[in-house]
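What you see is a predicted model, and the numbers here were worked out from it, not measured in a lab. Residue numbering restarts at 1 for every chain, and letters A, B, ... go by the order of the sequence lines. When reading the values below, keep in mind they use all heavy atoms of this one structure, side chains included, and skip hydrogens, waters and symmetry mates.
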Protein chains: 2
Amino acid sequence: MRAVAARLGTGPMTLYNYVADRAALDALVVDGVLRGITIPHSPSSDWRVDVRGLAEELWRAVRPHPNAIPLVLARRSQSETFLDAAEALLAALARSGLDGEDLLVAFRAVTTLAAAFAQTELTGPLSARNGGADATIDRFRSLPTERYPRLIEIAGVARTSTPEAEFRRGLEALLDGLQQKFTQRR
Amino acid sequence: MRAVAARLGTGPMTLYNYVADRAALDALVVDGVLRGITIPHSPSSDWRVDVRGLAEELWRAVRPHPNAIPLVLARRSQSETFLDAAEALLAALARSGLDGEDLLVAFRAVTTLAAAFAQTELTGPLSARNGGADATIDRFRSLPTERYPRLIEIAGVARTSTPEAEFRRGLEALLDGLQQKFTQRR
DNA sequence: ACCTGAACACCGTTCAAGT
DNA sequence: ACCTGAACACCGTTCAAGT
C-alpha cells in the first residue's frame, strides 16, 4: 500500500478511497497481469492448439511478474478479465469432449502448470537462466553420486534446457493425458 | 520472526543465534512440512503406484499448511529431507523409462500439481469444503448463462466434488500423459 | 564467545480532522 | 461527500551493550 501510494505521490491513506483493502489491491495486481492475456476472437478447429495457445498466453503473461504468481495461484480477482480468460480456456478444453469433474480438473491442472512452471523457473533452483541458478545447479551436481543419482542427472539437464521447452513438454504431456482420459471414457 | 520468538518466550533477536535470516527460517518451515512425507523403504514393482504414493504423500503433507505452500513451490529448503524425497520421486519416475529433460519436466509437473491443487483447494474459489467457498460458488453460478456457460458448469460440479477425488483425477491424467510420452518415444 | 534489548526503517490500517 | 495526516500495532534487522 505505502509503496504504491509513494509511487503515486500521495500519502498511504489516499489509496483507501479507491480500494477497500490490501487484498483488494492484490486482486487488482492479478487483474493487471491477466489483462496481458490475448483471447482469440474465434476458436480454431483443433481444441489442442486453442488450449495450448491460451496456456502459453497465461505462462507468458505471468512470467514477468514472479512476485504476483502466488497471488494468481491463490485466485485473487474474479474480474471480467479473469472470467473471460477462464471461460475461453474452459470452452477450448470442453471441445476435447471433457465435461463435469473432468473439465474442472483439466482447467485446474492446465492453469496450475502454467503458473507454477513460470514460478519455479524464476524462484526455483532447478532451472537455467536465472541469476544464481548456475551456482545452485552446481551444488546439486556436487551431491554424493550414489545417494542422489537422478537429482544429479536432472541438474545436468537443467544447465542447458530452456524454460520454454520445459513448459511446452510438461503441457504436452498433460494434454496427452487429458485427451486419453476422454478417449478411454467413450 | 517476532511471532516465533514470542511463541518461544524470548525476544526477537535470540532467533538470530540459530538462523541467519527470515529466508532461512522459511527454509526450516518448508523442511518441517516436507518431513511429514513418508518414503517407502523399497520401491514396488509398479512405478505408477510409487509415483502416485509419493505424490499423495506430498499433497497430504502440504494440505494442513496452506500458508507454507507458496514457499514449497518457490523451493525453499535444500535440506536432506527435500533431497531424499525428491530423489525417491525421481527414481520412481525414472522407472517408467523417462530420463533427461523428460524426467526433469515430469518431476516438476507432478510436484507442482500436488502443491498447487492443495493450495487452490484451500485459497481458491472453485472448490468445495472451505469456509466461504459455497458463497463464491454461488456467485459463479449466478453469472450470465450465455457468457459463462462452462464456468457455471464447473461451479456446479465443485459443490459436490471432493479435493481428494479432484487431485487424484488430475494426477492420473498427468501420469497417463507421461507414460504415453515414453511409449511414443520407443 | 554467546546472548539480547533498544532502536531503526519499514508495514497495513484506524481514527480523527481537514476541505 | 471526499480526502488525508497522525498515530497505532505490527514487521525484519542493525547496532551496541550485556554476560
Side-chain angles (χ1 to χ4, degrees), chain A residues 1-35 62 64-82 115 118-120 122-125 130-133 135-136 139, chain B residues 1-35 62 64-82 115 118-120 122-125 130-133 135-136 139:
Chain A
M1 304 291 287
R2 289 182 112 100
V4 172
R7 186 83 77 108
L8 295 173
T10 30
M13 281 318 294
T14 309
L15 293 191
Y16 285 84
N17 292 304
Y18 302 86
V19 131
D21 238 350
R22 164 74 199 257
L25 196 153
D26 283 349
L28 289 179
V29 168
V30 172
D31 200 53
V33 171
L34 296 184
R35 200 169 286 119
V62 128
H65 307 289
N67 294 334
I69 296 181
L71 302 179
V72 173
L73 280 168
R75 310 234 189 260
R76 300 287 197 276
S77 158
Q78 275 128 259
S79 65
E80 279 195 11
T81 311
F82 165 76
Q119 179 170 15
T120 308
L122 294 159
T123 59
N130 83 48
T136 336
R139 270 201 46 207
Chain B
M1 304 291 289
R2 289 182 112 99
V4 172
R7 187 83 77 107
L8 296 172
T10 30
M13 281 319 294
T14 308
L15 292 190
Y16 284 84
N17 293 305
Y18 302 87
V19 131
D21 238 351
R22 165 72 199 258
L25 197 154
D26 283 348
L28 290 178
V29 168
V30 172
D31 200 54
V33 172
L34 296 185
R35 200 168 288 120
V62 128
H65 306 288
N67 294 334
I69 296 181
L71 303 179
V72 173
L73 280 168
R75 309 235 189 260
R76 300 290 196 276
S77 158
Q78 276 128 259
S79 66
E80 280 197 10
T81 311
F82 165 75
Q119 178 170 15
T120 309
L122 294 159
T123 57
N130 82 49
T136 334
R139 271 202 47 207

message = Between P on C/dG5 and CG on B/Asn17, what's the gap in Å once rounded to a whole number?
response = 11 Å

key: Close side-chain approach of B/Val19 and B/Met1, heavy atoms under 4.5 Å   = yes

key: Value in whole Å for how far the C1' atom of C/dA7 lies from CE of B/Met13   = 12 Å

inquiry  = Base, sugar-phosphate or nothing for B/Met1? Non-hydrogen atoms, less than 4.0 Å.
reply    = sugar-phosphate

Side-chain heavy atoms of B/Pro12 within contact of B/Arg2, under 4.5 Å = yes

query = Rounded to the Å, how far apart are B/Leu15 CG and C/dC3 P?
reply = 12 Å

inquiry  = Can you measure A/Arg2 atom CZ to D/dG5 atom P for me and round it to whole angstrom units?
reply    = 11 Å

request  = Could you tell me the separation between the CZ atom of B/Arg22 and the P atom of D/dT14, rounded to a whole number of Å?
outcome  = 15 Å

query = Considering Watson-Crick and G-U wobble pairs with both distances under 3.5 Å, what does D/dT19 pair with?
reply = C/dA1

remark   = The Watson-Crick or G-U wobble partner of D/dT13, with both key distances under 3.5 Å, is C/dA7

query = How close or far is atom C1' of D/dG12 from atom CG of B/Asp26, stated in whole angstroms?
reply = 12 Å

message = Measuring only between side-chain heavy atoms, which start at C-beta, is B/Leu73 closer than 4.5 Å to A/Leu73?
response = yes

inquiry  = So, does B/Thr14 get its side chain near the phosphate of C/dT4, meaning an N or O under 4.0 Å from OP1 or OP2?
reply    = yes

query = What's the CG-C1' distance between B/Asp21 and D/dG12, to the nearest Å?
reply = 9 Å

task = Go through B/Asn67 and B/Val29 one step at a time and tell me if the side-chain contact (heavy atoms from CB on, under 4.5 Å) criterion holds.
result = CA-CA 10 Å; B/Asn67 294 334; B/Val29 168; over 6 Å; no

key: Whole-Å gap separating P (C/dT13) and OH (A/Tyr16)   = 4 Å

